[in-house]
Amino acid sequence: MKEYHKIETLFQRDMEGSKKLIEGVYRDEIVEYLKDNKWIFTEKVDGTNIRVVWDGHCVVFYGRTDNAQIPSNLVQKLNSLFLGTANEQLFEQKFGATPVTIYGEGYGAKIQSGGDYSSEAEFIVFDIEVDGIFLERENIVEISKAFGIEVVPIILEGTIQEAVDLIKTAPKSIVAKGVKEMEGVVGTPSKRIYSVRGDRIIVKVKVRDFI
């Protein structure tokens, strides 16, 4: 199955010395061109990447890669969210035979250092792809609500610099209800834009790169 695309770091790194980010030196010229426009930044959750795939007939779970092992407590959580007759009928009702991939993050106890997020395994959605097309935020929220699952919260609507300034303060995680530091944010332009290769313009800004 198709893996989720890589999200690039915002700035280039000093590869000859400290290997730290060189603030202001962008990896992508399109991102630099758009830096003063409005972007939507959502929380980046520190967990394990999960793909929930509906092939038109049944649901299958995958990790970041097809061979990745999913923790057993997270498998149980995914089973409760997406398997069973009611959920199968919901997939059929919403999508019919159209292939769908729900991309999310498994987090919580026994997943990375996720005990501060939750004492149990949890799943939160950050993207949904239907028949090869990534959906807009409002559609992601609507589908997630139907399945009773969370969507990564919007942290900021603003410019690239505003996001960098926020991350430098090491803000607390909304998903962890303020118990731990946020890992970072993922940003996309408020109006969807693609590169010449057809890739979505999307970046990540991580706290550890600035603190």
Side-chain angles (χ1 to χ4, degrees), residues 2-51 63-65 101-107 112 114 117 124-130 132-141 144 150-176 180-211:
K2 185 172 73 171
E3 299 175 15
Y4 192 69
H5 57 75
K6 180 177 175 58
I7 301 176
E8 296 291 350
T9 301
L10 182 60
F11 300 126
Q12 293 186 23
R13 291 188 182 277
D14 175 10
M15 300 309 294
E16 297 181 358
S18 65
K19 296 187 179 179
K20 292 183 179 180
L21 294 184
I22 308 172
E23 189 171 345
V25 180
Y26 288 83
R27 290 175 60 99
D28 189 314
E29 63 180 11
I30 299 177
V31 173
E32 182 175 13
Y33 181 76
L34 297 169
K35 62 185 176 63
D36 295 323
N37 285 268
K38 181 180 177 182
W39 290 64
I40 308 298
F41 294 93
T42 57
E43 180 170 350
K44 187 179 189 304
V45 179
D46 185 12
T48 185
N49 187 267
I50 296 294
R51 292 170 290 162
R64 179 177 295 278
T65 65
T101 302
I102 298 174
Y103 297 97
E105 201 77 7
Y107 69 95
Q112 305 284 38
Y117 279 114
I124 193 164
V125 177
F126 57 77
D127 233 334
I128 298 179
E129 187 177 14
V130 177
I133 303 296
F134 285 100
L135 301 185
E136 300 288 354
R137 169 83 185 188
E138 57 267 29
N139 302 121
I140 294 172
V141 170
S144 298
E150 292 184 280
V151 180
V152 287
I154 293 176
I155 303 302
L156 172 71
E157 297 185 41
T159 66
I160 291 286
Q161 188 60 54
E162 288 173 329
V164 171
D165 291 343
L166 173 64
I167 287 304
K168 285 180 177 180
T169 69
K172 295 296 185 180
S173 166
I174 301 300
V175 174
K180 65 174 293 180
E181 185 179 280
M182 188 183 298
E183 186 188 17
V185 293
V186 173
T188 55
S190 60
K191 299 298 182 182
R192 182 166 296 179
I193 296 175
Y194 294 86
S195 72
V196 293
R197 297 185 300 273
D199 300 324
R200 285 192 305 169
I201 299 300
I202 182 169
V203 297
K204 60 185 177 185
V205 189
K206 301 178 72 171
V207 170
R208 72 183 185 188
D209 286 330
F210 294 93
I211 303 300

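Residues Leu166 and Ile155 form a side-chain contact, since some pair of their non-hydrogen atoms from C-beta on lies under 4.5 Å apart. For the pair Val203 and Tyr26, the minimum side-chain heavy-atom distance is 4.5 Å or more. When side chains are defined from C-beta on, Val45 counts as touching Tyr117, because their heavy atoms get closer than 4.5 Å. For the pair Arg137/Val152, a side-chain contact is recorded, criterion being any heavy-atom separation below 4.5 Å from C-beta on. With contacts defined as side-chain heavy-atom distances shorter than 4.5 Å, the pair Phe11/Val25 does not qualify.
In this view, Asp127 and Tyr4, Tyr103, Phe134, Ile140, Arg200 satisfy the side chain to side chain contact (heavy atoms under 4.5 Å, CB included) rule, not counting sequence neighbours. Annotation: side chain to side chain donor-acceptor pair (under 3.5 Å) contacts of Glu43 (sequence neighbours excluded): Ser173. Contacts of Glu162 classified as salt bridge (Lys or Arg N to Asp or Glu O under 4.0 Å), with partners at least two apart in sequence or in another chain: none. By the salt bridge (Lys or Arg N to Asp or Glu O under 4.0 Å) test, Lys172 is found to be paired with no residue, residues two or more places apart in sequence or in another chain being considered. Partners of Arg27 under the side chain to side chain contact (heavy atoms under 4.5 Å, CB included) rule, at least two apart in sequence or in another chain, are Glu8, Thr9, Gln12. The salt bridge (Lys or Arg N to Asp or Glu O under 4.0 Å) test applied to Glu136 returns Arg192, not counting sequence neighbours. For Asp165, the side chain to side chain donor-acceptor pair (under 3.5 Å) test picks out Gln161, with sequence neighbours left out. Looking at residues two or more places apart in sequence or on another chain, you find no ring pair (Phe, Tyr, Trp, His ring centres under 6.0 Å) involving Phe210.
Of the possible donor and acceptor atoms, none in the side chain of Glu181 sits under 3.5 Å from a partner among the backbone N and O of Ala170. Side-chain atoms of Ser144 never come within 3.5 Å of backbone atoms of Val141 as a donor-acceptor pair (strictly under, hydrogens ignored).
When each of Val185, Ile154, Val186 is checked for a side-chain contact (heavy atoms from CB on, under 4.5 Å) with Ile40, only Ile154 meets the rule.
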Kindly determine whether Thr169 and Met182 satisfy side-chain contact (heavy atoms from CB on, under 4.5 Å), including the steps that lead there. CA-CA 10 Å; Thr169 69; Met182 188 183 298; over 6 Å; no
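A salt bridge links Glu23 with Lys168: the closest approach of a Lys/Arg side-chain nitrogen to an acidic carboxylate oxygen falls below 4.0 angstrom.
Summarising the geometry of Thr48 relative to Glu105, their closest heavy-atom pair is N-OE2, 3.2 Å, with the distance given to 0.1 Å.
Applying the side chain to side chain donor-acceptor pair (under 3.5 Å) definition to pairs two or more places apart or across chains, those involving residues 29-42 are Lys38-Glu157. Screening residues 202-211 for side chain to side chain donor-acceptor pair (under 3.5 Å) gives Arg13-Asp209 as the qualifying pairs, with residues at least two apart or on separate chains.
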